[in-house]
Trainee: 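Below are the structure tokens for one structure; questions will follow.
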Amino acid sequence: MISTVLIVSSGFGFMAEALDSNLKKHGFMTKFAEHKVREIEEKKKDCDIILLLAGDYIYNSPETLVYLKDITVDEERPLCAIGHDEELKEIFQYIPQDHFKKVFTRPFDAKYIAEEVKYIAKAAEEIKQGKRILLVDDDPTFLKMLQGWLRDKYNITAVKSGMQAITYLANHSPDLILLDYDMPITPGPQVMEMIRSEYSAKEIPIIFLTGKSDRESIMRVMKLKPQGYLLKTMQRDDIVATIDNYFQTHRWDNYF
């Protein structure tokens with residue numbers, strides 16, 4: 001599959017031309033957009049990766065940076081950036097550094113960047129074709145950690161409340177929901193009831209996340225008849241392996 005890279009920059013200078021040439025040599029199609037929200041919105045259609053080529057313009061374009069953050073999160077497009085240290089520092093005020101798939105510091109090697117973008121495109125395509133998981137947890141630290149553990153193998157969307165999950169499910173159908181059991185306002189069991197009452201979402205598998213490992217708590221979880229549960233105290237490799245196994249077998253083997 002041929003991927004398309006949208007290069008966001010200020011004009012078509014020497015560096016942009018070098019990127020364009022090397023990306024095409026590596027099999028990419030390219031588009032260019034000025035650092036304006038309206039132009040990016042028009043050009044982003046059918047683009048698989050967004051490459052931000054920083055310049056002096058970024059100091060006066062906070063709305064563009066915020067827009068790039070929003071569309072790459074909402075539409076799950078990989079985002080990369082190229083810039084001097086000070087330019088990147090400015091960008092990170094609006095787009096967290098860990099949001100970028102890759103950050104390249106000037107001066108840069110256009111050939112090396114094209115090779116790295118090719119790797120990113122391949123990984124993104126594999127994820128796109130793979131399973132989609134919705135993470136629901138009010139603990140931002142755990143949510144971020146779990147997202148980091150799974151995003152290399154699965155297409156991950158993370159929300160911080162039950163109501164955000166219900167809103168997401170109105171337009172999306174993930175292959176699995178990992179649902180926190182203890183949440184304020186709308187706890188996990190109530191969220192599960194709401195999901196099961198929706199015709200379009202009632203068949204989506206739900207696995208609870210719980211920090212309680214005693215038998216009584218686990219049996220309380222399982223009485224709700226989810227597809228399974230994960231203990232938050234489990235090690236990273238165990239959590240990932242358990243999810244992998246569920247997708248492979250559609251069975252849950254961790255009952256007490």
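Atoms considered below: every heavy atom in the structure, side chains included; atoms not considered: hydrogens, waters and symmetry mates.
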Trainee: Whether the side chain of Ser161 engages the backbone of Gln164 through a donor-acceptor N/O pair (distance < 3.5 Å, no angle test) should be reported.
Mentor: yes
Trainee: Taking the side chain as every heavy atom from C-beta outward, state whether Leu146 and Leu209 have any atom pair closer than 4.5 Å.
Mentor: yes
Trainee: Kindly give the heavy-atom pair with the smallest separation between Phe28 and Ala114, and that separation in Å.
Mentor: CE1-O, 3.9 Å
Trainee: Is there a side chain to side chain contact (heavy atoms under 4.5 Å, CB included) between Phe32 and Leu6 once you walk through the steps?
Mentor: CA-CA 6 Å; Phe32 280 84; Leu6 176 63; 5.9 Å; no
Trainee: For residues Gly83 and Glu87, report the shortest heavy-atom separation together with the two atoms involved.
Mentor: CA-OE1, 3.4 Å
Trainee: Looking at Gly11 and Ala16, what are the two nearest heavy atoms and their distance?
Mentor: O-CB, 4.3 Å
Trainee: Any chance OH of Tyr119 has more than 12 other-residue heavy atoms, nucleotides or ligands included, within less than 6.0 Å?
Mentor: no
Trainee: Sequence neighbours left out, what pairs pass salt bridge (charged side-chain N to carboxylate O under 4.0 Å, His left out) with at least one residue falling in residues 236-246?
Mentor: Lys153-Asp244
Trainee: Rounded to the nearest 0.5 Å, what's the gap from NE2 on His26 to CD1 on Ile113? Could you check?
Mentor: 11.5 Å
Trainee: For a 4.5 angstrom cut-off between non-hydrogen side-chain atoms, does Thr4 reach Thr30?
Mentor: no
Trainee: Could you tell me if the side chain of Ile133 sits less than 4.5 Å from the side chain of Thr157, heavy atoms only?
Mentor: no
Trainee: Drop me the distance from Cys80's SG to Ile7's CD1, to the nearest 0.5 angstrom.
Mentor: 11.0 Å
Trainee: Verify the neighbour count for atom CE of Met29: are there more than 12 heavy atoms of other residues, nucleotides or ligands below 6.0 Å?
Mentor: no
Trainee: Drop me the distance from Leu19's CG to Phe104's CZ, to the nearest 0.5 angstrom.
Mentor: 9.0 Å
Trainee: List in chain and number order the residues that pass salt bridge (charged side-chain N to carboxylate O under 4.0 Å, His left out) with Lys144, two or more places apart in sequence or in another chain; answer none if no residue qualifies.
Mentor: Asp98
Trainee: Report yes if some heavy atom in the side chain of Leu52 is under 4.5 Å from a heavy atom in the side chain of Ile82; otherwise report no.
Mentor: no
Trainee: One pair to check against side chain to side chain contact (heavy atoms under 4.5 Å, CB included): Arg106 and Leu53. What are the steps and the verdict?
Mentor: CA-CA 10 Å; Arg106 289 185 176 178; Leu53 178 56; 3.4 Å; yes
Trainee: Quick test of your reading: applying salt bridge (charged side-chain N to carboxylate O under 4.0 Å, His left out), list the pairs with at least one residue in residues 4-32, sequence neighbours left out, ordered by first then second residue.
Mentor: Asp20-Lys24
Trainee: Excluding sequence neighbours, so at least two apart, what forms side chain to side chain donor-acceptor pair (under 3.5 Å) with Glu116?
Mentor: Lys102
Trainee: Do Asn22 and Asp109 have side chains that approach each other closer than 4.5 Å (heavy atoms only, starting at C-beta)?
Mentor: no
Trainee: Check the pair Ile50 / Ile71 against side chain to side chain contact (heavy atoms under 4.5 Å, CB included), numbers first and verdict last.
Mentor: CA-CA 10 Å; Ile50 297 178; Ile71 64 170; 3.8 Å; yes
Trainee: What do the steps show when you test Trp149 against Ile239 for side chain to side chain contact (heavy atoms under 4.5 Å, CB included), and what is the final call?
Mentor: CA-CA 9 Å; Trp149 290 355; Ile239 288 179; 3.6 Å; yes
Trainee: For Phe92, give me all partners under ring pair (Phe, Tyr, Trp, His ring centres under 6.0 Å), at least two apart in sequence or on another chain.
Mentor: Phe100
Trainee: Scan residues 164-179 for pairs that pass salt bridge (charged side-chain N to carboxylate O under 4.0 Å, His left out), counting only residues two or more places apart or in two chains.
Mentor: none
Trainee: Decide yes or no for Tyr94 and Lys69: does some side-chain heavy atom of the first lie under 4.5 Å from some side-chain heavy atom of the second?
Mentor: no
Trainee: List in chain and number order the residues that pass salt bridge (charged side-chain N to carboxylate O under 4.0 Å, His left out) with Glu198, two or more places apart in sequence or in another chain; answer none if no residue qualifies.
Mentor: none
Trainee: With clusters defined by side-chain heavy atoms of hydrophobic residues (ILVMFWY) lying less than 4.5 Å apart, directly or transitively, does Tyr199 cluster with Leu134?
Mentor: no
Trainee: Glu90: which residues meet the side chain to side chain donor-acceptor pair (under 3.5 Å) condition with it, sequence neighbours left out?
Mentor: Gln93
Trainee: Find out whether Val5 and Asp48 are in side-chain contact, i.e. whether some heavy atom of one side chain is under 4.5 Å from a heavy atom of the other.
Mentor: no
Trainee: Scan for salt bridge (charged side-chain N to carboxylate O under 4.0 Å, His left out) pairs involving residues 32-41, sequence neighbours excluded, and state none if there are none.
Mentor: Glu39-Lys43
Trainee: Which residues pass the ring pair (Phe, Tyr, Trp, His ring centres under 6.0 Å) test with Tyr112, not counting sequence neighbours?
Mentor: none
Trainee: Please identify which of these residues, Arg77, Lys101, His99, Lys44, meets the side-chain hydrogen bond (donor to acceptor under 3.5 Å, both in side chains) condition with Thr72.
Mentor: His99
Trainee: Which heavy atom of Ser9 sits nearest to which heavy atom of Tyr57, and what is that distance?
Mentor: CA-OH, 4.0 Å
Trainee: Atom CD1 in Ile58, atom CD in Glu86: separation rounded to 0.5 Å?
Mentor: 9.5 Å
Trainee: Drop me the distance from His172's NE2 to Asn155's CG, to the nearest 0.5 angstrom.
Mentor: 10.0 Å
Trainee: Locate the shortest heavy-atom distance separating Ile40 from Tyr67; write the atom from each residue and the value.
Mentor: CG2-CE2, 3.7 Å
Trainee: CE of Met145 to CG of Leu135: how many Å apart, nearest 0.5 Å?
Mentor: 11.0 Å
Trainee: Side chains of Lys160 and Asp138: does their closest heavy-atom pair fall under 4.5 Å?
Mentor: no
Trainee: Scan the side chains in residues 189-196 for donor-acceptor partners under 3.5 Å anywhere in the protein, sequence neighbours excluded, and list what turns up.
Mentor:
{"residue": "Arg196", "atom": "NH1", "partner": "Lys202", "partner atom": "O", "Å": "2.9"}
{"residue": "Arg196", "atom": "NH1", "partner": "Ile204", "partner atom": "O", "Å": "2.9"}
{"residue": "Arg196", "atom": "NH2", "partner": "Ile204", "partner atom": "O", "Å": "3.4"}
{"residue": "Arg196", "atom": "NH2", "partner": "Gln227", "partner atom": "OE1", "Å": "3.3"}

Trainee: Could you pull out the closest heavy-atom pair between Ile120 and Pro78, with the gap in Å?
Mentor: CG2-CB, 3.8 Å
Trainee: Mind listing the side-chain donor-acceptor pairs of residues 176-186 below 3.5 Å, one per line with the distance, residues two or more places apart or on another chain?
Mentor:
{"residue": "Asp180", "atom": "OD1", "partner": "Asp182", "partner atom": "N", "Å": "3.4"}
{"residue": "Asp180", "atom": "OD1", "partner": "Lys232", "partner atom": "NZ", "Å": "3.3"}

